[in-house]
Amino acid sequence: MAALAAKPKEFPVYISLHPTIEGWIAGTTKALSPENVPQIDVAGSLQPGIHSQTNNTDTSWTKFGAYSSNPQWSSRPSHYWYNTPQSLQLQMQAMETSLLDQEASNWEIQDPDLMPTVKDWNLCYRYLTKGGTLPYPQSISHDAESFMLNFFSLPPVYRKHLRFAIVMININAVSGQPVIAMQFLKSGIAMIKQMKLHIDPDDSPWLFHLNLSERQKEDRRRAFWTWFSIFNLLQVVCNHDAYLIDDVIECDKMHPPSQVYDPYPIFTPTPTRQAECRVLQFMVKIKKWFAVPPSNIQTLITDQHTSEYSAKVYSIQGSAPLEVVLHTQRLDAINQNEETAFINKIISSGDERVVSMNMAFETAQSVIHRPILFVTSLKSHHPLLLSPILRHPISNAITKCVEAALRVSTLSELSKTLRKLKLELTPVNYSIESFLSVLWLFWFVTCKMDPAWWEFTETRILDAVGLRMRLEDMAQSVRNLENGPAGGGYFTPILACMNSMLREIDHVHEFGRVSTNDGVREIELGMRTVSIGGVDDIQESQATEPYVLLGLLGLEVAGGIRFKGRSEDSWRLFWKLNA
């Protein structure tokens with residue numbers, strides 16, 4: 001494909017800065033672009049091998065710059081931005097494209113409702129430039145510039161449905177209608193297999209005759225990775241048997257997303273995508289593993305899957321590009337040099353999910369060991385009553401869960417600095433799971449775990465007051481989502497559980513472990529779903545379990561608040577029989 005660079009116009013082009021929904025869908029309220037983000041000066045004492053995007057002679061930087069450990073994200077000179085097409089240029093090129101040059105089997109007149117208009121084009125342009133904050137159309141999921149250039153000649157099914165159906169899936173996924181999104185995603189499995197979209201175009205002989213350009217190959221990769229990411233994200237939280245898919249599609253045959261320059265960067269960078277998808281897919285496997293409790297406590301404690309799955313998560317974490325890995329020396333704090341380096345990594349990567357991906361790694365480790373940690377609340381399993389063979393896996397579970405929770409809380413602390421720099425990222429769905437996992441851990445060790453177990457683990461929570469403040473910030477993030485456009489009831493049961501946990505934690509700190517139920521008993525938290533086209537009435541709706549990763553695994557908060565679900569009932573009976 002010929003390069004699309006053009007000389008800048010000699011007259012100014014004004015772009016209306018209308019609000020856009022893409023930032024909300026992708027999990028951010030502000031675009032990471034050179035126009036609105038300052039580059040942070042990196043301190044000189046950073047770890048070897050980490051290089052700054054700035055130097056003493058050139059303070060400019062490019063959104064698409066990165067570190068040498070990932071060549072496909074290599075930086076380009078800043079003058080590439082000046083070769084990008086402006087709004088008027090792009091619109092003129094799209095308008096002047098001759099329809100006679102387009103292949104068509106017939107020339108039947110289209111339905112007027114399906115014919116593209118200039119208003120449609122302008123709407124899509126604003127959407128794909130994030131309200132004018134990007135210099136040209138760009139997307140994480142497809143070749144946005146090519147889409148806009150060929151907008152008026154594309155088939156209606158492609159223009160109105162194939163590309164933007166993924167937008168509707170995203171909207172339903174984050175706005176309280178995950179069941180609707182799963183219906184679309186489930187139907188897409190057959191399409192993915194039929195088109196063999198999960199196999200990289202470089203390894204697809206049936207595509208060789210098309211002589212696809214690198215740009216077209218990457219467009220195909222992006223379509224797969226976007227679908228795969230959303231699919232696994234919803235599988236992580238979905239608890240409905242009809243939508244927990246066993247016939248999954250693997251991603252090992254698809255190359256990771258990379259950047260294509262023609263001559264400027266064509267796609268939104270997403271160096272986290274492959275590792276993010278792999279850890280989400282593995283979390284689905286963990287979820288299915290714990291759907292049914294084991295036969296007895298000893299089987300739970302000695303299950304070899306625990307160590308195998310933990311090693312697998314570490315392997316996935318190690319496969320992530322170094323430029324998007326955030327690892328602190330201390331569990332519960334981040335020093336100034338680390339904070340500076342992390343912010344530069346986020347800016348330089350151009351990826352909106354760096355923090356969320358790193359949280360997901362820690363959350364996966366936590367959920368693997370969570371059921372074993374629950375054993376510490378059983379009087380029948382006091383540490384002095386157990387043999388070293390049984391005591392070691394339990395103390396190891398305490399260590400893994402506490403370390404993971406502290407690291408997530410430390411990463412969440414980055415949001416304060418990001419707010420100061422106007423770089424705050426709205427948490428995506430699995431970030432909420434990470435927050436809930438931290439709050440659950442602190443609630444459990446404070447209100448449920450036998451304190452005698454602390455003598456058998458080296459990890460400690462040294463700053464309980466500081467951690468309590470971080471927990472409040474996490475809960476507030478969920479409150480903001482619930483009260484915002486992504487609300488609609490999706491986060492209500494999660495938020496109710498988080499608020500009850502915080503109240504019980506505060507009660508224990510003030511009065512000790514005495515019985516409390518906040519004046520209520522036997523409250524079951526669930527969700528109410530309505531079918532498409534149905535009546536939004538409580539009589540017409542179905543009560544279902546909340547959309548969470550593992551839930552409470554049968555435990556109750558504040559003396560009577562619990563999650564709805566068959567798996568919850570099974571685990572509740574399991575703990576009762578083994579108490």
Side-chain angles (χ1 to χ4, degrees), residues 279 283 286 290 300-301 303 306-307 309-311 313-314 317 326-334 338 355 358-378 381-383 386 388 390-414 430-475 497-498 501-502 504-506 508-509 513 549-553 555 557:
V279 74
M283 289 167 74
I286 298 169
F290 287 136
L300 172 65
I301 297 174
D303 194 338
T306 302
S307 58
Y309 284 6
S310 179
V313 172
Y314 283 130
Q317 187 173 8
L326 310 179
H327 188 78
T328 58
Q329 293 182 350
R330 288 184 54 183
L331 295 174
D332 59 349
I334 176 172
E338 290 172 336
V355 176
N358 282 272
M359 286 183 176
F361 294 144
E362 305 299 336
T363 303
Q365 285 290 354
S366 178
V367 297
I368 289 172
H369 297 88
R370 185 179 300 178
I372 297 180
L373 177 61
F374 276 2
V375 177
T376 63
S377 66
L378 301 178
H381 286 71
H382 189 280
L386 302 178
L390 294 178
R391 192 165 53 228
H392 176 71
I394 299 175
S395 61
N396 181 64
I398 298 172
T399 299
K400 293 293 186 182
C401 290
V402 172
E403 287 182 351
L406 290 176
R407 289 200 181 279
V408 171
S409 72
T410 301
L411 289 173
S412 71
E413 192 72 3
L414 271 177
Y430 62 86
S431 296
I432 305 304
E433 280 296 327
S434 298
F435 293 166
L436 181 60
S437 180
V438 176
L439 208 152
W440 166 87
L441 183 281
F442 194 43
W443 165 78
F444 180 82
V445 298
T446 302
C447 308
K448 299 293 182 180
M449 189 178 83
D450 190 329
W453 278 103
W454 286 118
E455 298 298 325
F456 296 88
T457 178
E458 298 178 358
T459 305
R460 296 290 188 275
I461 299 175
L462 301 177
D463 185 11
V465 175
L467 181 56
R468 175 61 179 84
M469 294 175 63
R470 292 182 182 181
L471 296 178
E472 183 60 37
D473 290 340
M474 296 177 194
C497 182
M498 295 176 81
M501 285 180 174
L502 289 174
E504 189 170 3
I505 289 171
D506 294 340
V508 170
H509 278 307
R513 291 188 180 182
L549 176 54
L550 283 187
L552 296 173
L553 288 181
L555 295 192
V557 180

message = Would Leu550 and Arg370 count as a side-chain contact (heavy atoms from CB on, under 4.5 Å) here? Give the steps.
response = CA-CA 9 Å; Leu550 283 187; Arg370 185 179 300 178; 3.9 Å; yes
task = Of all the heavy-atom pairs spanning Pro393 and Ile372, show the shortest one and how long it is.
result = O-CG2, 3.9 Å
Non-hydrogen side-chain atoms of Glu413 and Ser409 separated by less than 4.5 Å = no
note = For Pro451 and Arg513, the nearest pair of non-hydrogen atoms, with its separation, is CD-NH1, 4.1 Å
note = When rounded to the nearest 0.5 Å, the distance separating CG of Leu411 from CD1 of Ile334 is 7.5 Å
request  = Please confirm whether the backbone N or O of Gln329 pairs with a side-chain atom of Glu338, one donor and one acceptor, at under 3.5 Å?
outcome  = yes
query = What distance do Leu331 atom CG and Thr459 atom OG1 have between them, rounded to the nearest 0.5 Å?
reply = 6.5 Å
key: Pairwise side-chain contact, Val279 with Gln317, heavy-atom cut-off 4.5 Å (strictly under)   = no
query = Does Asp506 have any salt bridge (charged side-chain N to carboxylate O under 4.0 Å, His left out) partners at least two apart in sequence or in another chain, and if so, which?
reply = Arg468
ask   = About how many Å separate CG of Asn358 and CG of Leu414, when rounded to the nearest 0.5 Å?
value = 9.5 Å
task = For Glu403 and Glu362, run side-chain contact (heavy atoms from CB on, under 4.5 Å): C-alpha distance rounded to whole Å, both residues' side-chain angles, the deciding distance at 0.1 Å, then the answer.
result = CA-CA 8 Å; Glu403 287 182 351; Glu362 305 299 336; over 6 Å; no
message = Is the shortest side-chain heavy-atom distance between Met449 and Leu373 below 4.5 Å?
response = yes
inquiry  = side-chain contact (heavy atoms from CB on, under 4.5 Å) for Leu552 and Met501? Distances and angles first, verdict last.
reply    = CA-CA 11 Å; Leu552 296 173; Met501 285 180 174; 3.6 Å; yes
task = Not counting sequence neighbours, which residues clear ring pair (Phe, Tyr, Trp, His ring centres under 6.0 Å) with Phe456? List them please.
result = none
task = Please step through side-chain contact (heavy atoms from CB on, under 4.5 Å) for the pair Thr306 and Asn396, ending with a clear verdict.
result = CA-CA 11 Å; Thr306 302; Asn396 181 64; 5.9 Å; no
key: Contact check, side chains of Val438 and Leu471, non-hydrogen atoms, under 4.5 Å   = yes
task = Might you point out which heavy atoms bring Phe290 and Ile368 nearest each other, and give the distance in Å?
result = CZ-O, 3.5 Å
request  = Indicate yes or no for a side-chain donor-acceptor contact from Ser437 to the backbone of Ser434 under 3.5 Å, with no hydrogens or angles considered.
outcome  = no
request  = Check Ile286 against Val367 and note the closest heavy-atom contact, atom names and distance.
outcome  = CG2-CG2, 4.0 Å
ask   = Are Met359 and Ser412 side-chain neighbours, meaning at least one heavy-atom pair lies under 4.5 Å?
value = yes
request  = Provide the full list of side-chain hydrogen bond (donor to acceptor under 3.5 Å, both in side chains) pairs with a residue in residues 445-457, sequence neighbours left out, each pair given once.
outcome  = Thr399-Thr457
query = Can you find a pair of side-chain heavy atoms, one from Val465 and one from His509, that are under 4.5 Å apart?
reply = no
query = At what distance, to the nearest 0.5 angstrom, does NZ of Lys400 lie from OG of Ser395?
reply = 11.5 Å
ask   = Ignoring hydrogens and geometry, is there a side-chain-to-backbone donor-acceptor pair from Gln365 to Ser310 under 3.5 Å?
value = yes
inquiry  = If the condition is side-chain hydrogen bond (donor to acceptor under 3.5 Å, both in side chains), which residues does Thr410 pass it with, not counting sequence neighbours?
reply    = Arg470
inquiry  = With rounding to the nearest 0.5 angstrom, report the CZ to OG distance, Arg407 to Ser366.
reply    = 13.5 Å
task = Tell me, please, which residues at least two apart from Asp332 pass side-chain hydrogen bond (donor to acceptor under 3.5 Å, both in side chains).
result = Arg330
message = Looking at every heavy atom in both Val375 and Leu300, which two are closest together, and how far apart are they?
response = CG2-CD2, 4.1 Å
query = Which heavy-atom pair separates Met283 from Ala360 by the least distance, and what is that distance?
reply = SD-O, 4.2 Å
ask   = From Ile432 CD1 over to Leu549 CG, what is the distance, rounded to the nearest 0.5 angstrom?
value = 13.5 Å
note = The ring pair (Phe, Tyr, Trp, His ring centres under 6.0 Å) partners of Phe444 (sequence neighbours excluded) come to Phe374, Trp440
